[in-house]
Each structure stands twice: as structure tokens, then as C-alpha cells.
Amino acid sequence: MATTAEKLLTDLHVKYIQSLGENKDDLTYHLTAHLRLNAVYWGLTALCVMKHKDALNREETIEFVLSCWDNEAGAFGAHPDHDAHILATLSAIQILTIHDALDRVDVPRVVNFISSLQTPSGVFAGDQFGETDTRFTYCAINALSLLDRKFITPGTAPFNIDNAVSYIRRCRNFDGGFGSVIGGESHAGQVFVCVAALSILDRMDEVDEKTLAWWLAERQLPNGGLNGRPEKLEDVCYSFWVLSSLSILKKLHWINSGALMSFILSAQDPEGGGIADRPGDVVDVFHTHFGVAGLSLLGYPGLGDIDPVYCMPVDVIEKKGLRKDWAALPRKAS
């Protein structure tokens with residue numbers, strides 16, 4: 001269980017991430033199979049930010065990603081023998097990008113899979129079964145840009161950029177936020193995917209920046225934590241969803257960074273490692289990843305830089321020439 005700690009317990013978190021998946025007889029391992037590839041991305045990215053990228057074996061990681069390939073669909077599922085989905089496909093591409101192994105991907109087939117998911121309204125579905133959500137639009141745009149910048153460039157993009165932007169615009173609410181669908185309530189997670197997608201496409205003109213920054217800053221509660229929408233509890237994962245959007249808007253200084261940093265650190269497990277959604281709860285790799293990512297954006301000492309648009313190491317994104325205009329807080333001295 002998570003209890004208060006005054007500093008980031010890096011060594012424990014590295015061991016926690018390394019231990020995930022070791023006990024394949026554990027019921028939890030099988031109950032979370034639908035998140036397996038996402039979890040590998042969360043763990044690997046957290047390790048990169050903590051400067052322990054090599055804590056997971058590169059070749060074993062790549063081989064697992066490739067084992068999740070759905071040859072019928074031409075994309076990746078969350079686990080071997082699972083159907084392809086845009087969420088898993090993005091995680092696969094992110095992992096392979098971090099490990100400089102995109103040459104192992106059948107890029108034309110993946111591009112065809114992703115572009116086939118765009119609906120006439122402009123929004124993307126997650127898979128062949130047709131559920132739509134602004135999350136899937138972000139996943140599509142993120143993945144295509146990582147594969148090649150030409151796939152998000154007008155004239156060479158394999159999807160209708162104007163329709164995608166139009167759908168995101170129609171998901172914008174009076175408070176400046178965005179919902180999962182047209183008319184959906186503003187939510188910090190959906191704000192991130194919409195703002196980040198627009199940033200990748202160089203269409204930040206669609207964002208009411210001042211109103212949205214105000215709404216995001218209002219997500220901070222008296223205990224320092226952030227919630228995802230009004231009247232909800234604080235949760236460590238919003239340390240990334242809110243901070244990433246504020247970084248893209250260059251308004252990260254609008255919140256109390258010290259109070260949020262203390263809240264994230266208080267959700268650590270000082271015995272087994274990992275970070276929970278809030279102090280006293282059970283840890284998981286999802287909140288560990290987003291807690292570490294949030295601390296990086298806040299300038300926590302000793303961490304590597306994370307790109308708030310892609311939620312990937314900055315050096316990886318800069319190497320591909322994809323960095324956008326954003327600002328995190330300065331890195332504090334150790």
C-alpha cells in the first residue's frame with residue numbers, strides 16, 4: 001500500500017516495473033491481458049524518464065511486441081492472439097520507436113489499418129467494431145506521425161485531416177475543454193488527446209487557450225492533487241493529463257507545482273515500489289508511469305525530459321524532428 005515519501009524512490013520503482021509479468025500464474029496477470037502492450041509502453045517510458053531504459057531487455061521487449069501482431073488486420077493487438085486495436089497499435093509503435101526498431105514493422109499495412117478506422121464524421125474508431133472516441137483520433141495521428149511525418153502532412157496524409165480537426169472542434173465545450181464525443185463533458189484526459197492531436201497537426205488555432213488553461217488550473221484541489229473534472233477526486237494520472245496540456249499551452253506555472261509534487265510522492269509504495277492513484281491505494285504501472293511523467297514536467301531533479309505531446313522521451317521525439325512548441329518547468333538541481 002502507498003504511504004508518504006519525501007523523494008522519488010527510483011530504485012524501488014525500477015524493481016517494481018521489472019517484476020511485472022514475472023508471475024504468469026497470478027490471476028491479475030491474466031485479468032489484465034487486454035492492457036499488456038499498453039503496460040509495456042507505460043513501464044518502458046517510466047524507466048526511460050528515470051534513466052533506467054536498459055532495466056528491460058531490449059530484444060525481449062521487441063520480440064513481445066512483434067508477437068502481438070495481428071496478421072489478418074495488419075496491426076497490433078494488446079496481447080498475442082488478440083484482435084488489433086488502435087490503442088495497442090500506438091503502444092507498439094511507441095515502444096519500437098523508443099528502441100529504434102520501426103524497421104521491424106510492415107508500415108504500409110499499419111498505415112492502411114489506421115487510416116481505415118476514420119469515419120465520415122472525421123473521428124477514428126478503435127477497431128473494426130466501430131467504437132469512436134477522440135482518444136482514438138489522437139492515437140491515429142500520434143502513430144502516423146511516428147511512422148513518417150508525411151502521414152500527417154496535407155497532400156500526403158492517408159486520412160482526411162480537415163475532417164479530423166473539424167470533429168475535434170465540435171467536441172470543444174463552452175469551458176474551453178473537450179469531451180470524448182460531440183456534446184460530451186469536458187474531461188482532462190480528453191483535453192490532452194484533443195490538444196495534443198491539434199498540436200501535432202499544427203492546428204492550435206482551434207483551442208481557446210486562455211479559457212482552457214483556466215479550466216485546467218481549476219483542477220487542482222487543496223491537497224495539491226489534480227482531478228479530471230469538477231467535483232471528482234484527485235488522481236495521480238491527471239498529473240500528466242493536466243500538466244501535459246498546460247505545458248503545450250505554456251501555462252504550467254498556473255498551478256502550485258510544489259503541492260502537486262508532494263501529492264505524487266505521497267502516493268508511492270515505500271516497500272514494494274510503484275505509485276498509486278492516491279495515497280493508501282494499491283500501486284499499478286499505469287499510475288507509476290503517469291506519476292513519473294508528471295514529476296518530469298514539474299522539473300523534479302534527476303529525471304529525464306518527457307515530451308508532453310507524445311508522452312515519450314524528448315530525445316526520441318527530437319531525433320525524429322517532431323518536437324512541437326511547449327514548455328515544462330525548469331529541471332531542479334539534485
Side-chain angles (χ1 to χ4, degrees), residues 17 20-21 24 28-48 56 58-119 123-148 151 158-159 180 189-190 192-193 196-197 200 237 240-241 284-290 293 310-312 316:
I17 292 170
L20 296 172
K24 294 181 173 58
T28 303
Y29 177 85
H30 297 283
L31 292 176
T32 56
H34 65 293
L35 297 172
R36 186 74 68 242
L37 203 48
N38 303 130
V40 174
Y41 154 71
W42 296 327
L44 175 61
T45 305
L47 289 171
C48 289
L56 294 182
R58 177 182 184 272
E59 212 39 55
E60 288 181 5
T61 301
I62 293 172
E63 288 303 318
F64 177 77
V65 171
L66 297 178
S67 75
C68 295
W69 176 256
D70 177 352
N71 194 51
E72 182 177 347
F76 294 90
H79 187 276
D81 299 321
H82 282 214
D83 291 336
H85 195 284
I86 190 68
L87 292 172
T89 297
L90 172 60
S91 288
I93 291 171
Q94 289 173 311
I95 294 165
L96 295 175
T97 299
I98 290 172
H99 280 310
D100 196 21
L102 281 177
D103 59 327
R104 310 278 286 272
V105 177
D106 187 338
V107 173
R109 292 199 67 196
V110 174
V111 171
N112 182 65
F113 170 80
I114 294 173
S115 59
S116 74
L117 296 175
Q118 189 176 31
T119 69
V123 70
F124 281 75
D127 58 19
Q128 62 178 322
F129 301 106
E131 178 191 5
T132 58
D133 188 320
T134 47
R135 287 180 303 152
F136 304 149
T137 298
Y138 167 72
C139 289
I141 292 169
N142 182 331
L144 289 171
S145 69
L146 290 173
L147 292 173
D148 196 312
F151 296 139
F159 70 102
S180 59
Q190 306 302 146
F192 161 71
V193 296
I200 293 172
C237 68
F240 180 78
W241 306 128
D284 58 68
V285 68
F286 174 87
H287 289 93
T288 300
H289 163 62
F290 288 114
Y310 287 90
C311 198
M312 293 172 64
V316 173

Worked check of side-chain contact (heavy atoms from CB on, under 4.5 Å) between V193 and T137
CA-CA 8 Å; V193 296; T137 298; over 6 Å; no
Assess the residue pair Q94 and N142 against the criterion (side-chain contact (heavy atoms from CB on, under 4.5 Å)); give the C-alpha distance rounded to whole Å, side-chain angles, the decisive distance to 0.1 Å, and a yes or no.
CA-CA 9 Å; Q94 289 173 311; N142 182 331; 3.7 Å; yes
Could you walk me through whether V107 and L102 pass the side-chain contact (heavy atoms from CB on, under 4.5 Å) check?
CA-CA 8 Å; V107 173; L102 281 177; 5.8 Å; no
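Side chain of D284 to main chain of H287: a donor-acceptor pair is present (N/O by atom type, distance under 3.5 Å, no hydrogens or angles). The backbone N or O of M312 sits nowhere less than 3.5 Å from a side-chain atom of T45 that would complete a donor-acceptor pair.
Residue C48 comes nearest to I98 through the heavy atom pair SG-CG2, 3.9 Å, listed as atom of the first residue, atom of the second, then distance. Residues S91 and L37 share a closest heavy-atom pair of CB-O, 3.7 Å. What you find for L117 and I86 is that their closest heavy atoms are CD1-CB, 4.1 Å. Closest heavy-atom contact between V65 and A92: CG1-CB, 3.7 Å. When all heavy atoms of Y41 and C311 are compared, the closest pair comes out as OH-O, 2.6 Å. Nearest heavy-atom pair across F136 and A125 is CD1-C, 3.6 Å.
Taken from CD in E60 to CG in L56, the straight-line distance is 9.0 Å, to the nearest 0.5 Å. From H99, atom NE2 reaches atom OG1 of T61 across 4.5 Å, with rounding to the nearest 0.5 Å. Here CD1 of I17 is found 4.0 Å from CG of L47. Values are rounded to the nearest 0.5 Å. Atom CG of L146 and atom CD1 of I93 lie 7.0 Å apart (nearest 0.5 Å). To the nearest 0.5 angstrom, Q190 atom CD is 12.5 Å from Y138 atom OH.
Under the 30°/60° scheme for interplanar angles, the aromatic rings of F286 and W42 are found to stand perpendicular. Between W241 and F290, the ring planes are tilted. Angles from 30° to 60° get that label.
With hydrogens and angles left out, the side-chain atoms of D133 and S180 include no donor and acceptor closer than 3.5 Å.
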Anything under 3.5 Å between a donor and an acceptor, one on a side chain of residues 71-85, the other on a protein residue two or more places apart or in another chain? List them.
from : atom 1 : to   : atom 2 : distance (Å)
N71  : OD1    : W69  : NE1    : 3.1
N71  : OD1    : R109 : NH1    : 3.0
H85  : ND1    : L87  : N      : 3.0

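Taking the side chain as every heavy atom from C-beta outward, F159 and I141 approach each other to under 4.5 Å. Side chains of Y310 and T97 form no contact here, defined as non-hydrogen atoms less than 4.5 Å apart.
Listed by chain and residue number, S121, V123, T132 satisfy the side-chain contact (heavy atoms from CB on, under 4.5 Å) test with T119 (two or more places apart in sequence, or in another chain).
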